[in-house]
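A short write-up of the structure that comes next.
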2 protein chains.
Amino acid sequence: MKAATVSLRQSTEARQAEMVQAVLALAARQEPASITTTHIAHEVGLSQGAVFRHFPNKQAIWLNVAEWLEATLLPLVQTAAKSSSDPLENLSNIFRAHLQFVQENPGVPRFIFHELQQPADSPVKQQVAGMLQVYSGILIRVLQQAKAQGLVLPTLDERSAATLFIGSIQGLVMQAMLIGSCAAIQPLIPGVWNLYCRAIREEPNA
Amino acid sequence: MKAATVSLRQSTEARQAEMVQAVLALAARQEPASITTTHIAHEVGLSQGAVFRHFPNKQAIWLNVAEWLEATLLPLVQTAAKSSSDPLENLSNIFRAHLQFVQENPGVPRFIFHELQQPADSPVKQQVAGMLQVYSGILIRVLQQAKAQGLVLPTLDERSAATLFIGSIQGLVMQAMLIGSCAAIQPLIPGVWNLYCRAIREEPNA
DNA sequence: TATATTAGTAATTGCTTACTAACATAAACC
DNA sequence: GGTTTATGTTAGTAAGCAATTACTAATATA
């Protein structure tokens with residue numbers, strides 16, 4: 001009946017993972033730029049100095065967050081992109097998977113915005129930009145498959161379609177930030193997706 | 001032949017306007033959260049202490065920026081919304097006017113993102129959120145006009161269409177932040193706009 | 001069991017921040 | 001022409017920041 005009390009001492013690996021999640025949890029509540037090492041320390045129940053037992057500096061924490069993001073979001077998108085033989089259904093699955101991921105991790109869009117605003121040479125921004133590059137690549141490939149099967153406009157520009165795809169998610173995220181609640185956008189999702197489908201589909205008979 | 005040298009001493013009104021523009025100029029280069037009163041002072045050629053001769057505190061500066069934004073962007077959108085008798089053409093004019101405004105003031109999207117991430121009770125966020133509310137209202141009214149004239153889907157959900165409209169601009173802005181240059185998105189604009197038109201139009205014969 | 005390593009703390013470092021106070025000077029007014 | 005007022009400077013303040021230090025306790029290892 002002894003409770004499995006967690007040891008107060010944790011390995012560096014475990015603490016790093018804790019702090020990455022702490023940053024995302026804090027980013028859901030406040031601007032990423034205003035998150036301090038003291039905030040992070042309190043969030044995981046440590047003193048401020050202990051943070052630097054597990055990370056050489058603050059930037060290393062942000063880089064770790066960016067790496068976690070890539071390692072979590074991209075497989076999600078990749079899986080959805082290959083979930084069926086119908087490219088349009090796969091696109092819809094990416095859309096839904098991405099939005100669900102954002103709702104479960106409300107700090108993520110804010111973190112991405114924050115990093116994209118950094119100077120170009122920042123390694124964390126390069127990491128995030130690289131991830132979005134890969135994301136776009138996946139979208140474009142699915143759109144090309146759809147075109148090859150005659151499911152979308154033969155004249156479709158995949159780059160524009162990918163930009164609008166990401167933009168449609170951005171628009172929903174912005175609505176959520178406006179309202180303040182991430183769950184409140186749920187009813188808007190099908191409407192926006194229907195419009196996106198009409199935009200790219202060959203035969204818009206909906 | 002005497003050069004019309006500007007007096008070193010300026011009125012508070014003039015300095016306030018200068019500093020609002022300074023904030024936007026700085027926001028084009030760096031994260032709004034990292035802009036200090038020293039940065040602003042140097043940008044307008046004053047000492048840091050002089051900033052507080054014209055503003056009671058830093059938040060008042062940001063509020064002034066938000067007010068300038070509303071007073072500048074909304075008339076632009078309003079004018080475009082009534083520029084012709086064709087609602088779809090008016091929508092296109094809003095789209096182009098907004099993107100031109102963003103290209104001329106690259107700090108604006110970053111400022112808006114920055115403010116939307118603030119806690120809900122922040123007066124500056126409320127100001128920005130209110131402006132976006134009005135913006136959405138204008139869009140929805142134009143979309144309703146288009147529906148009444150049978151130019152768009154009779155089943156169109158105006159709220160979703162407005163979200164996708166703003167999202168399509170967001171997507172382009174995000175591309176610009178990724179690339180680093182605001183002008184580089186120019187070739188993407190017509191493609192994205194064509195897709196948006198197809199999404200809402202009754203007869204997509206393009 | 002003795003020793004080395006790892007993960008923690010509290011206190012302090014140098015620096016930056018928004019904001020203020022004392023003083024200076026240009027323009028406006030009587 | 002002298003006084004007042006508005007706009008400027010310089011030199012402060014207290015608070016908060018990332019990062020370091022000296023030290024301690026827990027854990028692994030020989």
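Numbered from 1 within each chain, the chains take letters A, B, ... in sequence-line order. In this text the structure is predicted, and so the values were computed from the model without any measurement.
Looking at B/Glu104 and B/Gln100, their side chains do bring a donor and an acceptor atom within 3.5 Å of each other. In this model, no donor atom of one side chain and acceptor atom of the other lie less than 3.5 Å apart for B/Gln127 and B/Glu115. Inspection of the A/Thr37 and A/Gln48 side chains reveals an N or O donor paired with an N or O acceptor under 3.5 Å. A donor-acceptor contact under 3.5 angstrom links the side chains of B/Ser92 and B/Arg96, judged on distance only. Inspection of the A/His114 and A/Glu31 side chains reveals no N or O donor paired with an N or O acceptor under 3.5 Å.
Here the side chain of B/Tyr196 pairs a donor or acceptor atom with the backbone of B/Ala161 at under 3.5 angstrom. Between the side chain of A/Gln16 and the main chain of A/His54, a donor-acceptor pair closer than 3.5 Å is present. Checking side-chain atoms of A/Asp86 against main-chain N and O of A/Leu88 turns up a donor-acceptor pair under 3.5 Å. With B/Ser136 contributing its side chain and B/Gln133 its backbone, the two residues share no donor-acceptor pair below 3.5 Å. Under the 3.5 Å distance criterion, the side-chain polar atoms of A/Arg198 are matched with a main-chain donor or acceptor of B/Arg201.
With rounding to whole Å, B/Trp62 atom CH2 is found 13 Å from C/dA18 atom C1'. A/Phe52 has its CZ atom 9 Å from the C1' atom of D/dT20, to the nearest Å. A/Lys58 has its NZ atom 15 Å from the P atom of D/dG16, to the nearest Å. The CD atom of B/Gln16 sits 14 Å away from the P atom of D/dA6 (whole-angstrom rounding). Atom P of nucleotide C/dT20 and atom CZ of B/Phe55 are separated by 15 Å, given to the nearest angstrom.
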Protein-to-nucleotide contact annotation, 5' to 3' order, nucleotides 7-14 of chain C [B base; S sugar-phosphate only; - none; under 4.0 Å, heavy atom]: BBB-----
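Distance check, rounded to the nearest 0.5 Å: CZ of A/Arg15 to CZ of A/Arg9 gives 10.0 Å.
Looking at residues 29-39 of chain B, you'll see B/Ile35, B/Thr36, B/Thr37 sit with a heavy atom under 4.0 Å from some atom of DNA chain C.
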So which protein N/O to nucleotides 28-30 of chain C N/O distances come out below 3.5 Å?
none

